[in-house]
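Quick notes on the structure that follows.
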Amino acid sequence: MMDHESHTHQPFAASNICLIGLMGSGKSTIGPLLARRLGYTFVDLDGEISASLGRPIREIFEQLGEEKFRDEEASQLRRFCQQEKQVIACGGGVVVTADNLECLRRQITVYLKAAPETLADRIGPGKERPLLKGAVSVAQRLGTILSEREPHYRDCAKIILSTEGKDPDTLIGELLAQLPTGLSSPGA
Ligand code: S3P
């Protein structure tokens with residue numbers, strides 16, 4: 001597979017950009033910068049879930065369970081996908097809920113890709129991340145999760161971008177070059 005892959009099975013009709021990929025892939029770093037460049041609103045889906053359920057993500061998993069988290073994740077995604085001109089940074093597990101895939105396919109979904117070892121280096125011990133809890137090797141745990149999710153990331157992404165060895169400016173430049181023209185607001 002090449003670094004840049006444009007999937008043409010669905011046209012660029014929607015005007016939300018959804019960033020997907022495993023934890024550590026750079027969604028929350030790239031998201032606000034990209035939103036500023038386009039004159040779009042930045043939405044951090046985990047932040048919305050956290051605000052809605054009134055506690056940090058780690059506590060949602062511990063106190064309410066993953067199922068409750070996934071339900072809220074799905075309803076927040078649906079809510080924001082009904083609006084326009086947003087860059088939405090999604091949690092890495094957004095693709096495990098079937099309904100979300102349908103939603104993501106209708107947006108300009110961008111898969112930010114990196115190898116598990118790279119992601120592990122960026123994340124560090126990952127103490128706050130529920131899915132990494134108790135992992136002896138973060139890279140190994142991420143590798144297992146990635147092998148389950150990669151087909152879904154690819155299935156709903158219109159653009160796949162390797163983030164290996166790239167700084168945010170480089171990535172944003174590459175991404176902007178692949179987005180359809182006319183997305184940005186006048187004056188942005
Ligand atoms: C998750 C990733 C997290 C967060 C939650 C579950 C996952 O988001 O949504 O801990 O299932 O991969 P980030 O990808 O932003 O870390």
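What you see below is based on every heavy atom in this structure, not just the backbone, and it leaves out hydrogens, waters and symmetry mates. Numbering of ligands and ligand atoms starts at 1, following listing order. Keep in mind that this is a model prediction, so the values were computed, not measured.
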Of Glu174, Lys113, Lys27, Arg122, which is the lone residue that meets side chain to side chain donor-acceptor pair (under 3.5 Å) with Thr163? Arg122
Give the atom numbers and elements of ligand 1 that come within less than 4.0 Å of a heavy atom of Ile57. 5 (C), 10 (O)
Do you reckon Leu33 sits in the same ILVMFWY cluster as Leu175, going by side-chain contacts under 4.5 Å, direct or chained? yes
What atoms of ligand 1 come closer than 4.0 angstrom to any heavy atom of Lys27? 13 (P), 14 (O), 15 (O)
Which atom names give the shortest non-hydrogen contact between Gln178 and Leu161, and what distance separates them? NE2-CD1, 3.3 Å
Would you call Arg70 a ligand 1 contact, heavy-atom distance under 4.0 Å? yes
Do Arg105 and Glu102 meet the salt-bridge criterion of a basic N to acidic O distance under 4.0 Å? yes
For atom 1 (C) of ligand 1, the protein heavy atom that lies nearest, with its residue and separation: Gly93 N, 4.0 Å
Yes or no: does Arg58 have any heavy atom under 4.0 Å from an atom of ligand 1? no
How many angstroms lie between CD in Glu67 and OG1 in Thr97, if you round to the nearest 0.5 Å? 10.0 Å
Any heavy atom of Leu131 under 4.0 Å from ligand 1? The part involved is side chain
Atoms of ligand 1, numbered as shown, that sit under 4.0 Å from any heavy atom of Pro130: 10 (O)
For atom 8 (O) of ligand 1, closest protein heavy-atom neighbour: Asp46 OD2, 2.9 Å
Counting from 1, what ligand 1 atoms have a heavy atom of Gly91 closer than 4.0 Å? 8 (O), 9 (O), 14 (O)
Identify whether Leu142 and Val96 are in the same connected component of the hydrophobic contact network (ILVMFWY, side-chain heavy atoms under 4.5 Å). no
Side chain proximity check, Leu77 to Leu104, heavy atoms < 4.5 angstrom: yes
Please report which non-hydrogen protein atom sits nearest to atom 2 (C) of ligand 1, along with the residue it belongs to and the distance in Å to one decimal place. Gly92 N, 3.5 Å
For atom 12 (O) of ligand 1, find the nearest protein heavy atom and state the residue, atom name and distance (0.1 Å precision). Arg149 NH1, 2.7 Å
Working to the nearest 0.5 Å, report the span between CD1 of Ile30 and CG of Leu19. 8.0 Å
Glu73 to ligand 1: N or O pair under 3.5 Å? no
If you have a sec, work out which protein heavy atom is nearest atom 16 (O) of ligand 1 and how many Å separate them, to one decimal? Arg129 NH1, 2.7 Å
One should read off an interatomic distance between Phe69 CZ and Ile49 CD1, to the nearest 0.5 angstrom, of 4.0 Å
Using a strict 4.0 Å cut-off to heavy atoms of Phe69, name the atoms of ligand 1 that fall inside it. 5 (C), 9 (O)
For ligand 1, does Glu66 get within less than 4.0 Å through its side chain, its backbone, both, or neither, judged by non-hydrogen atoms? neither
Output the distance between atom CG (Asn16) and atom CZ (Phe80), rounded to the nearest 0.5 Å. 10.0 Å
